[in-house]
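Single-structure report; data block below.
The shown structure was predicted, so the numbers you read here are calculated from the model rather than taken from an experiment. Only this structure's heavy atoms are used, side chains among them; waters, hydrogens and symmetry mates stay out.
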Amino acid sequence: MHLMNENKSYLPDFEIKDYGIWNIRAYNAIGQRAYSYDLIDLREESKVQFYWQSFIQSHGFDASGYSLQILPNTNARTNLEFDLMLSHPDNIYRLPEKIQNHPLFLPLERIAKSSKSYNGDAHIEAAKTLDEELNDPLMAWDALVSAGYWNGANFGEPNMNAWKAAIHLSEKHGWTEINEVLIDQLEFYNHHKDKV
């Protein structure tokens, strides 16, 4: 990251790396750099890796590009502004077959078709597949966070199906503290939602 700050045309080699709590920020920054005007000549095949790694992170939790309100502004987009990629919805079908076969490709399709009316349900469907078939509960969690983000950004309310799926996922995998918080928050929400 330090080299990216010093040199506007520097892009690290692609690698999947754990940046800890900075995963979303790091992958978004690298993805944005790959699509920057300073790297306009970078081959599209190279850019796609960075784009996809950024897309599969939790949407809406990169504070550098978004309001810090509880729910993002309704005009906020996914965690990256890849207008070139999404300028025509059919562009996503140019992505490699491996990406098109990934469970998170369905949410990408829905977002590309209509980001302003997407409610996150395709992320919930993907989360189920990620957990049950690919045995990746952490990526499933990120997909559920993204489902909540999109419904909140576009409709100003939580996606209750994502909330319930997150409770189920946390219970299934023994994430006791998260499970308790989700249940307590749901009770609080249900108690107060009509009183505001």
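Residue Tyr118 holds its OH atom at 8.0 Å from OG of Ser146, rounded to the nearest 0.5 Å. Glu180 contributes atom CD, which lies 12.0 Å from atom CD1 of Ile167 (distance to the nearest 0.5 angstrom). Within the model, atoms CG of Leu104 and CG of Leu130 stand 5.0 Å from one another, a figure rounded to the nearest 0.5 Å. Going from atom NZ of Lys172 over to atom CD of Glu132 covers 5.0 Å, rounded to the nearest 0.5 Å. Atom CD1 in Ile183 sits 12.5 Å away from atom NZ in Lys164 (nearest 0.5 Å).
When all heavy atoms of Ala162 and Leu144 are compared, the pair lying nearest together is CB-O, 4.0 Å. When every heavy atom of Pro103 is checked against every heavy atom of Ala126, the shortest pair comes out as O-CB, 3.3 Å. A pairwise comparison of heavy atoms in Ala147 and Ile124 identifies CB-CG1, 3.7 Å as the closest pair. Contact between Gly120 and Trp150 at its shortest, heavy atoms only, is N-CB, 4.1 Å. Across all non-hydrogen atoms, the minimal contact from Gly148 to Asn159 is CA-CB, 4.4 Å. Minimum interatomic distance between Met139 and Asp136 (heavy atoms only, all atoms of both residues): N-OD1, 3.1 Å.
A donor-acceptor pair shorter than 3.5 Å cannot be found between the side chains of Asn161 and Asn151.
Hydrophobic clustering, with ILVMFWY side chains joined whenever heavy atoms are under 4.5 angstrom apart, groups Val145 together with Ile178. Tracing side-chain contacts under 4.5 Å through hydrophobic residues (I, L, V, M, F, W, Y), one reaches Leu169 starting from Leu186; they form part of the same cluster. Under a hydrophobic-cluster definition in which Ile, Leu, Val, Met, Phe, Trp and Tyr are linked whenever side-chain heavy atoms come within less than 4.5 Å, directly or via other members, Ile111 and Leu95 are assigned to the same cluster. Criterion: ILVMFWY side-chain heavy atoms under 4.5 Å apart, direct or through other members. Under it, Ile56 and Tyr93 are part of a common hydrophobic cluster. Hydrophobic clustering, with ILVMFWY side chains joined whenever heavy atoms are under 4.5 angstrom apart, groups Leu134 together with Ile99.
His123 and Tyr149 have their aromatic ring centers separated by at least 6.0 angstrom.
Side chain of His173 to main chain of Trp175: no donor-acceptor pair is present (N/O by atom type, distance under 3.5 Å, no hydrogens or angles). A donor-acceptor pair is defined here as one N or O able to donate and one able to accept, closer than 3.5 Å; no such pair exists between the side chain of Asp131 and the backbone of Ala127. Side-chain N or O atoms of Glu171 include none that pairs as donor or acceptor with a backbone N or O of Asn179 at under 3.5 Å.
Contact of the Asn154 side chain with the Ser117 side chain is not registered, since no non-hydrogen atoms from C-beta on lie closer than 4.5 Å. Inter-residue side-chain proximity for Lys98 and Asn101 is flagged as unmet; no heavy-atom pair is nearer than 4.5 Å. Side-chain contact between His192 and Glu187 is absent, with no heavy atoms from C-beta onward closer than 4.5 Å.
Below 30°, between 30° and 60°, or above 60°: for Phe55 and His59 the angle between ring planes is above 60°, a perpendicular geometry. Between Tyr189 and Trp163, the ring planes are tilted. Angles from 30° to 60° get that label.
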